[in-house]
Amino acid sequence: MPRTPRPTADAGGAGRAPLATPEEVADYLGVPVKTLYQWRHRRTGPNVRKVGRHLRYRWQEVDAWLDAQTSYDLTA
């Protein structure tokens, strides 16, 4: 499944990227939305915020979490 690129900063947001929905993050990471909810419950996934009753992710934190997951040495 081809991954869609994450949105860039919008013109009206003073250089800020929009907050991501669980569906957008799941698509970006190539995992089911259910997996994001399981990670949230286990506190192992990217940081998530509640905005009202909705879950939202900051793209910076998703990328930082992803980098931390893939930073291991392959030269063993």
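Below, each value reflects all heavy atoms present in this structure, side chains not excepted, and no hydrogens, waters or symmetry copies. The chain is numbered in sequence order, starting from 1.
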(message) Using side-chain heavy atoms (C-beta onward) and a distance below 4.5 Å, is Trp65 in contact with Gln60?
(response) no
(message) Within this structure, what is the NE2-CG distance for the pair His54 and Leu19, rounded to the nearest 0.5 Å?
(response) 12.0 Å
(request) First locate atom CG of Leu29, then atom OH of Tyr57, and finally report the distance between them rounded to the nearest 0.5 Å. (result) 9.0 Å
Which donor-acceptor pairs under 3.5 Å do side chains of residues 31-48 form with protein atoms, sequence neighbours excluded?
none

(message) Checking Arg49 now: which residues fulfil salt bridge (Lys or Arg N to Asp or Glu O under 4.0 Å) with it, not counting sequence neighbours?
(response) Glu61
